[in-house]
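A quick write-up on the structure given underneath.
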Amino acid sequence: MRLTEFFMPTLKENPNEAQIVSHRFMLRAGMIRQSSAGIYSWLPLGHRVLKKIEQIVREEQDRAGAQELLMPTIQPAEIWRESGRYDDYGKEMLRITDRHDRDMLYGPTNEELITEIFRDSVRSYRDLPKMLYHIQWKFRDEVRPRFGIMRGREFLMKDCYSFDLDYDGARRAYNRMFVAYLRTFQRLGLKAIPMAADPGPIGGDMSHEFMILAETGESEVACHINLLDLDIDLMGLDPKGDMQSTVDSLTSYYAATDEKRDPAIEAGLGDDLTVARGIEVGHIFYFGTKYSVAMNAYVNNEKGDKVAIEMGSYGIGVSRLVGGIIEASHDDDGIIWPEAVAPFDAGIINLRSGDEKCDAASEEIYLKLGNAGKDALIDDRDQRGGVKFADMDLIGLPWQIIVGPRGLENGVVELKSRASGEREEMSIDAALNKLTGSVG
RNA sequence: CGGGGAGUGGCGCAGUCUGGUAGCGCAUUCGACUGGGGGUCGAAAGGUCGGAGGUUCAAAUCCUCUCUCCCCGACCA
């Protein structure tokens, strides 16, 4: 992509409404624009990141054995009356009336809808287990949206639902998602810590929130320091296994969100305790037969008995992750994208657009990177170096290739790592080689 | 929903107390010079001062109502 053609309206100054880092950088880098409180448009740069995160989440869901479907954003009130949540949900639910005066709503979550779909089609234990997920926009009419995309009213979420015949099956599904989440966050370049969360009315130990630690986190969390550097080989695990030992080893350490913290345990941990602020990026929980009973979702088991389906739900805040990653990875100059989610693999800074040699060298690098399957953004604007450096640092691409007349005289360009700030002079071929793993 | 703050060119702000017909920086357009970390000079374009009503010879400025946004708290993926 050429910057002269790309729609990326960057801002030099901090917009007044943005207080936290991720919000400021997302606005300044031209990733998003606010439409109204808690509702945003995703501009091309932000949209690229969102899609990359979404794709990684999707791949790990598929790998865990879940199947993707897509449910609508608008739901009928009817099914929510059936589950009893229509009145419970309160003002956070955006209620709509259609032209026939039928009560509708913009879905804040999808338990009712998925349960309806499932119960209407499944009668036998032979159809279980199943895991179904979708990645869809949700709406919760928060009283006070804040932190930009991190706590908007409209947000993109992956939610998965598991259907099992019995508790053991539900536990297996839970474990699989538990591990899938760890893998997902690992691939996103994040350290997400699973923490015991409030399981709600069902009780038990099957409710975890996945938190990334950042100063701007919304709540205070605590965990054993070993969890901070735990290195488990998730990639080698059999995705179809029960994973109980992996989950056990991870949950053996103390880790608790705000409402689950235990002062007695924490006192006993002494120096092994870390207290920090956390951003919730995922939440998994088992809720048993809460919805299946309320909404009449039963199957016949092998003996012909009618049993309520055991369910669990598993959410990842996809749009929130964009902000979360920035909170966890930035410096004073801007964003520092992990390679897996960066909107482009590399940025090429042509320090003298219009200069024959600089243009030729920049174009060569751009084309060869493209041929090697690398997505590059080339700054071909007629701007001064300082402007280009600042914008490139702001948008945080992992690598910068700096092409200037001074270097070209000696046959070199500079390769800069955004994360470390290190710059190295080398030939064009060497730079290409380093970025693509083969000689351009 | 309680408490606080703010709406003035695209962005950041001054002007409001003490009414006199709108200004600064950045960005934008054109020209020239410049060229390795947000340049210089010259010219230009762009605002019914959130909206409605009122007071007044005269309102960004005073009064009333209203909308929106931000921050703290309660609440939440």
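Chain letters run A, B, ... following the sequence lines, proteins first, then strands; residues in each count from 1.
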| field | Summary of protein contacts for nucleotides 71-76 of chain B, nucleotide by nucleotide, where a base hit scores B, a sugar-phosphate-only hit scores S (4.0 Å, heavy atoms) | value | BBBBBB
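- Contacts of Thr109(A) with the nucleic acid, taken as non-hydrogen atoms under 4.0 Å apart, are absent.
- No hydrogens or angles were tested; on distance alone, nothing pairs the side chain of Asp355(A) with the base of G35(B) as donor and acceptor under 3.5 Å.
- Note that Arg33(A) lies outside the cation-pi zone of Phe7(A), set by a 6.0 Å cut-off to the ring centre and a 45° limit from the axis.
- Between Lys12(A) and G12(B), a side-chain N or O to OP1/OP2 separation shorter than 4.0 Å is absent.
- Of the options Val318(A), Val341(A), Leu321(A), a side-chain contact (heavy atoms from CB on, under 4.5 Å) to Glu54(A) is made by Val318(A) and by none of the others.
- Looking at Arg81(A) and Glu78(A), no side-chain N of the basic residue comes within less than 4.0 Å of a carboxylate O on the acidic one, giving no salt bridge.
- Across all strands shown, A45(B) forms no Watson-Crick or G-U wobble pair with both key distances under 3.5 Å.
- Note on Lys91(A): only backbone sugar-phosphate atoms sit closer than 4.0 angstrom, heavy atoms only; bases stay farther off.
- Comparing Ser36(A) and Gln400(A) against RNA chain B, the residue whose closest nucleotide sits nearer the 5' end is Gln400(A).
- The partner of A6(B) is U68(B), by the rule that a Watson-Crick or G-U pair needs both atom distances under 3.5 Å.
- For C70(B), one of the phosphate oxygens OP1 or OP2 lies less than 4.0 angstrom from a side-chain nitrogen or oxygen of Gln34(A).
- Counting non-hydrogen atoms under 4.0 angstrom, Ala390(A) reaches a base of the nucleic acid.
- For Asp382(A) and G35(B), a side-chain-to-base donor-acceptor distance below 3.5 Å is present, hydrogens and geometry of angles not being considered.
- The pair Glu215(A)-Arg277(A) does not count as a salt bridge, with every side-chain nitrogen at least 4.0 angstrom from each carboxylate oxygen.
- Across all strands shown, G38(B) forms no Watson-Crick or G-U wobble pair with both key distances under 3.5 Å.
- With a cut-off of 3.5 Å on both pairing distances, the Watson-Crick or G-U wobble partner of C57(B) is G20(B).
- Ring centers of His283(A) and Phe285(A): under 6.0 Å apart, within the cut-off.
- Here Asn16(A) reaches the OP1 or OP2 of C13(B): one of its side-chain N or O atoms lies under 4.0 Å away.
- A stacking contact between Phe389(A) and G38(B) is absent: the pair does not combine a ring-centre distance of less than 5.5 Å to the base's six-membered ring with planes differing by less than 30°.
- Within the cation-pi definition used here (under 6.0 Å to the ring centroid, within 45° of the axis), Arg95(A) does not qualify as a partner of Tyr106(A).
- Put simply, the side chain of Arg153(A) gets close to the backbone of Ala37(A): a donor and an acceptor are under 3.5 Å apart.
- A donor and an acceptor atom never sit less than 3.5 Å apart when one is taken from the side chain of Arg381(A) and the other from the base of G35(B).
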